[in-house]
Amino acid sequence: MLRIAEARHLKVFFGAIMQDRYDPAAVEADAQRHWEEQRCFEAVEDPSRPKYYCLSMFPYPSGKLHMGHVRNYTIGDVLARFMRMNGHNVLQPMGWDAFGLPAENAAMANGVPPARWTYDNIAHMKRQLKALGFALDWRRELATCQPEYYRWNQWLFLRMLEAGIAYQKTGVVNWDPVDQTVLANEQVIDGRGWRTGALVEKREIPMYYLRITDFAPDLLGALGEMPGWPERVRAMQANWIGRSEGVRIGFPYELGAERGVLYAFTTRADTVMGVTFCAVAPEHPLAQHAALRDPKVAAFVESCKHGPAIEAEIATQEKRGIDTGLSVRHPLSGEPVPVWIGNYVLMTYGEGAVMGVPAHDERDFEFAKKYGLRIRQVISVDGRDYSTDAWQPWYGEHGRCVNSGPYDGLDFERAIAAVAADLAHRGLGERQTTWRLRDWGISRQRYWGCPIPIIHCAACGAVPVPDEQLPVLLPEDLVPDGSGNPLARDARFLACTCPKCGAAARRETDTMDTFVDSSWYFLRYACSDNASAMLDERVRYWLPVDQYIGGIEHAILHLLYARFWTRVIKRLGGVEFAEPFTNLFTQGMVLNEVFFRKPESGRIQYFNPAEVELRRDASGARQEAVLRADGLPVESGGVVTMSKSKNNGVDPQALVDEFGADTARLFTMFAAPPEQTLEWSDEGVQGAFRFLKRLWKAVYDHVSAGAVAQPPREGLGDAARALRRQAHQTLAKVTDDVGRRRTFNTAIAAVMELMNAVARFEPAAAGDRAVVQESLEIAVLCLSPIVPHVTHALWRELGHERALIDEPWPRADEAALSQDTIEIVVQVNGKLRARVAVPAGADQEAARAAALADPTVRKFVGDAVIRKVVVVPGKLVNVVV
RNA sequence: GCCCUCGUGGCGGAAUCGGUAGACGCAACGGACUUAAAAUCCGUCGGCCACAAGCCGUGCCGGUUCGAGUCCGGCCGAGGGCACCA
């Protein structure tokens with residue numbers, strides 16, 4: 001302990017006396033320099049220590065960090081630092097989801113190649129991440145637009161082709177006829193191209209698909225064994241995969257000399273005797289066949305191509321149909337059944353055809369009423385009366401079969417079993433499980449993405465690029481102009497020779513969906529420096545990811561694709577596990593209030609909340625909001641997600657510049673539990689900053705009074721013992737809140753309470769200052785994962801030579817937690833009436849006696865007979881009269 | 001339409017396994033310091049009541065329990081996901 005005193009003396013000697021003012025800029029630069037010089041966050045494989053792979057979803061390099069990033073990465077950083085202090089070998093990497101459409105849009109706007117824009121953004125955002133002090137291993141940084149990364153997309157794609165997991169078929173895209181280009185769904189606005197305003201067409205082109213549907217049963221089944229994932233996310237994925245059990249039913253037909261069977265999937269095979277028509281999708285072969293015979297049918301099929309592109313609009317568009325004039329035979333009754341084309345029938349689900357049972361399906365009912373088709377009741381429920389006048393909800397319920405010949409009287413389950421058996425006997429159907437999930441089309445007619453490694457040869461067709469020719473390099477100097485994919489006009493890129501026959505050939509210009517890039521990057525962090533293999537043995541050490549943190553908006557696509565790719569790699573022998581993320585944490589979004597004015601004519605004008613002043617009444621309630629510039633009122637549009645369009649964003653950089661990274665980190669962790677939405681509050685930021693200033697001052701005041709040599713000893717006074725107890729209670733609570741509950745807000749609140757107690761405590765006796773020293777050390781250690789810079793500085797000031805980053809997480813001292821007497825509350829008939837002090841070890845009888853002796857309790861009990869006394873040891877007594 | 005969350009002071013939120021409702025912070029109000037402002041410090045802060053005592057109070061109605069913000073049933077409201085899925 002003398003060493004501490006000496007060290008302090010030396011510091012004084014060299015003039016490095018503690019600043020009385022908290023200066024975040026200096027403190028943060030110093031701490032970051034230390035971590036950098038000591039290479040604190042470079043993770044090295046070490047089988048002797050438990051590993052902890054802590055991963056936050058990597059950002060798209062859009063230009064600068066937004067508040068959502070700050071929140072996401074702070075949560076990850078708190079966990080990484082906490083686990084590190086708890087003895088884990090922590091890996092926390094970072095990279096860039098660097099391909100994608102925004103780069104092409106920026107390129108068009110500025111005339112700069114997407115590569116240049118992307119790399120500039122990465123450089124800027126990397127500086128911002130460093131300024132926030134995240135404990136990242138930057139040696140493992142990767143960007144998905146680098147050939148060193150995307151070559152393995154191409155390599156694995158070729159393996160998938162070999163394994164039959166990747167395949168080619170025609171797919172429907174949104175086609176802009178003016179720009180001669182394919183549009184992403186979000187580029188189609190009200191059925192028109194976003195740039196040209198031209199009516200968008202649906203066009204069929206050859207595309208590559210990944211057979212994710214092969215993995216659907218496993219992707220769904222495994223959800224039941226993922227306790228580390230939020231229930232909500234698992235429910236959303238299950239919903240998306242959409243398993244549906246039913247029966248495939250065949251309707252035989254003859255078209256001239258050709259005999260065929262029209263198959264339809266149904267979950268209501270019990271209603272099969274109520275079929276009065278069949279409806280097929282406009283793209284169905286039978287519809288195509290009918291269109292050749294009848295120009296009116298052809299016109300109808302053509303009109304369906306111009307339907308809306310957005311799924312929500314498809315769902316609400318009017319049901320339309322046309323009779324093909326063809327008919328099929330009912331597989332069980334043999335009756336003829338007319339075939340219609342319906343714009344509500346999806347080619348991509350089931351068989352692209354439905355059996356029409358108007359009596360018991362609401363859509364079929366509506367369709368039949370519109371086109372005058374027969375409605376035949378075949379299900380009865382509780383003997384209720386059926387009428388074809390209007391649809392009633394019970395028509396769709398399960399019941400017993402009627403008017404169904406051999407099936408009459410059967411309930412839902414039995415009827416389906418009987419129908420399936422009869423169909424199987426005739427070779428016209430069987431039980432079938434259908435999935436909502438479709439195969440993943442990965443072809444994008446875009447420039448800024450990973451080239452699909454295929455060569456088109458006039459003689460040999462589509463030929464895979466040989467492994468030794470990988471990567472297929474994407475030229476980085478092209479500037480798209482909106483009229484199609486610039487790769488398709490780039491002779492250097494296009495020209496190649498066929499690997500099979502050696503003839504001149506043409507390179508595939510489609511690129512991969514950017515979701516491919518993000519489906520395996522978490523594996524690559526383990527070995528991002530390996531130039532000769534996609535993965536190596538280090539993956540075995542680090543993976544799977546112990547904790548994944550990201551936004552709920554990725555609950556379905558990204559997380560499902562990542563689970564799928566991991567399974568593919570497992571099947572191909574690359575990894576041994578199927579689930580990439582053991583624990584998933586979905587953080588809430590960052591919200592802010594929206595302020596606007598709506599002129600009588602013209603567009604709504606949005607004002608940033610920083611330009612708006614809130615006026616309050618004497619009780620503190622909001623009166624009105626006015627614009628600072630002119631003092632006139634503005635309207636509030638409520639509290640919503642921060643966005644550019646609503647002008648309600650807060651720039652993290654401005655926050656860091658004014659208050660420092662620690663204040664930004666503290667506020668985002670304190671304002672709300674991390675899973676819930678976080679409402680922005682400038683006053684709240686001030687409050688966080690104020691707390692750090694108070695923390696600094698508390699340490700300053702303590703240190704200025706001289707060094708404390710000895711640890712807290714026996715013989716402390718009541719007040720000192722109480723403070724010491726609270727310090728250790730706080731430590732225990734923070735350990736649980738951060739380590740188990742992940743409620744950083746309550747952990748911070750507990751430390752605030754401790755600091756309030758320290759401020760109230762007046763050291764008097766000899767050992768008192770040692771208790772203050774210990775309390776401050778506990779506060780600093782507890783806060784260090786959240787505000788690592790200021791605590792780094794304060795730890796030094798408290799006399800420690802070893803840097804805070806290397807300190808182990810402390811354990812609460814059981815002796816400090818013990819107390820002689822405890823307070824228990826006393827209820828009479830469940831209502832709080834008194835508090836009494838009892839010895840800590842008091843038994844139930846003693847607690848009961850103490851409660852009944854209390855004068856207030858006696859007053860409330862009065863002359864009544866005590867019927868029962870409930871005693872909760874150490875907590876509460878309830879007297880029931 | 002189906003599925004999933006969530007409703008607690010003026011505000012963000014706390015109450016972890018059914019046991020003290022409102023921790024912590026913000027705002028507001030009163031005071032100290034200051035020529036003044038900022039910063040800082042002290043105090044008040046769910047409602048009724050002059051105070052105390054007491055009563056009421058966690059969206060609404062009911063239930064279970066000695067005891068319900070917490071569990072169960074029904075309703076109302078907000079948010080999110082899926083959505084012509086046969």
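Numbered from 1 within each chain, the chains take letters A, B, ... in sequence-line order.
- In this view, A:N756 satisfies the side-chain hydrogen bond (donor to acceptor under 3.5 Å, both in side chains) rule with no residue, not counting sequence neighbours.
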Please output the side-chain donor-acceptor pairs of residues 824-831 of chain A that fall under 3.5 Å, not counting sequence neighbours, one pair per line with the distance.
{"residue": "A:N829", "atom": "OD1", "partner": "A:V881", "partner atom": "N", "Å": "3.0"}

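- Separating the C1' atom of B:C49 from that of B:U40 is a span of 37 Å, rounded to the nearest Å.
- Residues from residues 265-274 of chain A with heavy atoms under 4.0 angstrom of RNA chain B, sorted by number: A:F265, A:T266, A:T267.
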Sequence neighbours excluded and cut-off under 3.5 Å, please list the side-chain donor-acceptor pairs for residues 230-239 of chain A, or say none.
{"residue": "A:E231", "atom": "OE1", "partner": "A:R234", "partner atom": "NH2", "Å": "3.1"}
{"residue": "A:R234", "atom": "NE", "partner": "A:W229", "partner atom": "O", "Å": "3.4"}
{"residue": "A:R234", "atom": "NH1", "partner": "A:L223", "partner atom": "O", "Å": "3.1"}
{"residue": "A:Q237", "atom": "OE1", "partner": "A:R563", "partner atom": "NH1", "Å": "2.8"}
{"residue": "A:Q237", "atom": "NE2", "partner": "A:A555", "partner atom": "O", "Å": "3.0"}

Annotated structure of RNA chain B as dot-bracket, pair cut-off 3.5 Å, Watson-Crick or G-U only, | for inter-strand, is (((((((..(((......[....))).(((((.......))))).(((.....)))..(((((..]....))))))))))))....

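- Pairs engaging residues 727-744 of chain A under the salt bridge (Lys or Arg N to Asp or Glu O under 4.0 Å) rule: A:K733-A:D737, A:D736-A:R740, A:D737-A:R741 [sequence neighbours left out].
- Applying the side-chain hydrogen bond (donor to acceptor under 3.5 Å, both in side chains) rule to A:H728 yields the partners A:E774; only residues at least two apart in sequence or on another chain are considered.
- Heavy atoms of A:E683 sit under 4.0 angstrom from primed sugar atoms or phosphate atoms, though from no base atom.
- Among the heavy atoms of the strands lying under 4.0 Å from A:V345 is at least one base atom, whether or not backbone atoms are also near.
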Could you tabulate the donor-acceptor pairs under 3.5 Å formed by side-chain atoms of residues 684-695 of chain A, not counting sequence neighbours?
none

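- Legend: side chain to side chain donor-acceptor pair (under 3.5 Å) pairs involving residues 864-879 of chain A, not counting sequence neighbours: none detected.
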Just the atom pairs and distances: protein N or O near nucleotides 56-59 of chain B's N or O, under 3.5 Å.
{"residue": "B:C56", "atom": "OP2", "partner": "A:K831", "partner atom": "NZ", "Å": "3.0"}

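- Interface residues of residues 743-753 of chain A facing RNA chain B, ordered by number: A:N745, A:T746, A:A749, A:M752, A:E753; criterion, heavy-atom separation under 4.0 Å.
- Using a 4.0 Å heavy-atom cutoff across all strands shown, A:R835 reaches at least one base atom of the nucleic acid.
- The P atoms of B:G19 and B:G69 are separated by 10 Å, rounded to the nearest whole Å.
- Remark: A:F412 pairs with A:H398 by the ring-ring contact (aromatic ring centres under 6.0 Å, His included) rule, at least two apart or across chains.
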